[in-house]
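By convention in this document, chain letters (A, B, ...) are assigned in the order of the sequence lines, proteins followed by strands, and residues within each chain are numbered from 1. Computation of the quantities below employed the complete heavy-atom set of this structure, encompassing side-chain atoms and omitting hydrogens, waters and symmetry-equivalent molecules.
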Protein chains: 2
Amino acid sequence: MQTHFTIDCVVYSFFEGDLQVLLTERNEYPYKDWWALPGFFVGNLEEMEDAVKRISYELTGLKDVFMEQLGAFAGVKRHPQGRILTVAYSTIVRYDDVKSQIKPVTDYMRQAKWFPVKELPELAFDHKEIIDKSLQKLKSTVNYSTAVYELLPEKFTLTQLQQVYESILNKELDKRNFRKKIANLGFLKELPEVQKGVSYRAARLYKFDKRKFQKSFGVE
Amino acid sequence: MQTHFTIDCVVYSFFEGDLQVLLTERNEYPYKDWWALPGFFVGNLEEMEDAVKRISYELTGLKDVFMEQLGAFAGVKRHPQGRILTVAYSTIVRYDDVKSQIKPVTDYMRQAKWFPVKELPELAFDHKEIIDKSLQKLKSTVNYSTAVYELLPEKFTLTQLQQVYESILNKELDKRNFRKKIANLGFLKELPEVQKGVSYRAARLYKFDKRKFQKSFGVE
DNA sequence: ATATAGTGTGTATTTCTTACACTATTAAAT
DNA sequence: ATTTAATAGTGTAAGAAATACACACTATAT
């Protein structure tokens, strides 16, 4: 009546115009040389959220990441060597904070690498299923969640915001309608600054106002 | 790195105009004499869904119940005798099928009893938190889920359907607007029958067409 | 016949969604 | 100085959906 117990993380980031997921290459059987979600065993006295923080820190050097539980995956046959229950989390890191700092830290992972969600490799275990479920949830809550803002830098343009929406929803949106909708939300703050270093008309920068967001959704 | 592993079920039914949850009275320490969610250990080679089926069958005699995973609860301190990870499920049984058949089957449960969600007793462990989360999910998916129809008998009136919505959303709805909305859904079938044995104008009966529902949501 | 209790319906108003094309600004290239 | 290339930024009309609101109808019981 006991089971092995791990955490697996779907780590998202947004760059190069695409929603990306961080995968690790296994250096151990089973599924040696396959890509897999980063995951570890949970300590006996360790809270799941702390395990997620630990994994995030070891992989990306970041201490505070957005996280949300996805659910438990515990199929008897999901691991060839006997049941291992995993609790999956979706987490988000800002690419600016993380860029070149990704490092696999254990000897059972050869490397870690970002993949655009559109071009995922074949995955070990039931990790494809976990990612699919995570993406589906991200999609269905995109309007009610702070996730899109976690994917963006603190100051962002409306075009960037639209790109995040588009890559999550996997469809194109009309620019004018999108801006109208965003303007109605009431929790974006227009900054007195514009983009720098671009060779075309610089776009206005905006900032997400979390307090107002929480007010309009009754503090979640 | 191993943990005890249980399933807890939030079992819903609808009767007496209220959404109800089935609770069991514990006959064992810790939390002896407290009300708790029905739950059991999961067998080593048992799929979680099968454990849920087993629990449902033992409590209610039903073989097929609607079920949906809520998530894992694994706080280090949730159980005074050491970590027990539980995976919570929401399940729904039709009251007509179940009525007086509720029976606690083990010696560690004294009785099982329905409680309206509005009037829950104090609960053992973190079960209050689990129920709250389950109710919140039910609420937020009420329009996209078959749950409301699982709560109703096969043939139902629009008033009954409205009552189910109202008890899930915990607010009153306008009858005319509700019917207009329902009519637009397109997956309710009007039957040539009406209610029997009522001492007022008999209401038209309707039936849920699952195939059409799935079509309109792209088969989930 | 009449009281009761719940069924069943329509319309106007507002709000949200969708569809759609041009001008403005900037840096770089000539 | 002018042109080019790239992206930012904006408004309006039509249709769809959501909301607010009140009364007549019908089956039964007494």
(request) Identify whether any heavy atom of B:Arg179 sits under 4.0 Å from a base atom; if not, whether one sits that close to sugar-phosphate; answer base, sugar-phosphate or nothing. (result) base
(request) Provide, to the nearest angstrom, the distance between the CG atom belonging to A:Leu158 and the P atom belonging to D:dT7. (result) 16 Å
(message) So B:Val93 and B:Val11, do their side chains get closer than 4.5 Å, heavy atoms only?
(response) yes
(message) Can you list, in residue-number order, the parts of residues 166-176 of chain A that come under 4.0 Å of DNA chain C, counting heavy atoms only?
(response) A:Asp174, A:Arg176
(message) Assuming nearest nucleotide by heavy-atom distance, tell me which of A:Gln195 and B:Asn184 is located more 5' along DNA chain D.
(response) A:Gln195
(message) Less than 3.5 Å apart, any donor N or O on the side chain of A:Tyr12 or A:Ser134 sitting next to an acceptor on the other?
(response) yes
(request) Anything under 4.0 Å to a heavy atom of chain A counts; send over the first and last such nucleotide of DNA chain C, read 5' to 3'. (result) C:dT18 to C:dA28
(request) Check the distance between D:dT7's C1' and A:Gln163's CD and give it to me in whole angstrom. (result) 11 Å
(message) Does atom NZ (A:Lys137) have a neighbourhood of more than 12 heavy atoms from anything else shown, all under 6.0 Å?
(response) yes
(request) Mark yes or no for a side-chain to base donor-acceptor pair under 3.5 Å between B:Lys181 and D:dT19, with no hydrogen or angle criteria applied. (result) no
(message) Can you tell me how far apart CH2 (A:Trp35) and CD (A:Glu122) are? Round to the nearest 0.5 Å.
(response) 13.5 Å
(request) Mind checking the CD-OG1 spacing from A:Glu68 to A:Thr146? Nearest 0.5 Å is all I need. (result) 8.0 Å
(request) Under 4.0 Å between any heavy atoms, over every strand shown, what does A:Thr159 touch: base, sugar-phosphate, or nothing? Just pick one. (result) sugar-phosphate
(request) Could you check A:Phe208, A:Tyr206, A:Phe66 and say which one makes a ring-ring contact (aromatic ring centres under 6.0 Å, His included) with A:Tyr149? (result) A:Phe208
(message) Any non-hydrogen side-chain atom of A:Asn184 less than 4.5 Å from a side-chain atom of A:Ile182?
(response) no
(request) Would you please classify the geometry between the A:Phe125 ring and the A:His127 ring as parallel, tilted or perpendicular, with 30° and 60° separating the classes? (result) tilted
(request) Measure distances between side-chain N and O atoms of B:Asn177 and base N and O atoms of D:dA20, and say whether any donor-acceptor pair falls under 3.5 Å. (result) yes
(message) Checking side-chain polar atoms at under 3.5 Å, does B:Ser167 have a donor or acceptor matched by the opposite partner on B:Asp18?
(response) no
(message) Whole angstroms only, please: what is the OH-C1' distance between B:Tyr200 and D:dA24?
(response) 19 Å
(request) Report the residue (A:Ala202 or A:Lys180) whose heavy-atom-nearest nucleotide on DNA chain C is the more 5′ of the two. (result) A:Lys180
(message) Nearest whole Å is fine: how far is D:dA8 P from A:Leu205 CG?
(response) 11 Å
(request) State the dot-bracket string of DNA chain C. Criteria: Watson-Crick or G-U wobble, both atom distances under 3.5 angstrom; notation: ( ) intrastrand, [ ] crossing earlier pairs, | interstrand, . unpaired. (result) ||||||||||||||||||||||||||||||
(request) From the options B:Leu19, B:Val21, B:Val10, select the one residue that forms a side-chain contact (heavy atoms from CB on, under 4.5 Å) with B:Leu135. (result) B:Leu19
(message) Please verify the inter-ring angle class for B:Phe213 with B:Phe217; under 30° counts as parallel, over 60° as perpendicular, anything in between as tilted.
(response) tilted
(request) Check whether the side chain of B:Arg201 and the base of D:dA27 form a donor-acceptor pair under 3.5 Å. (result) no
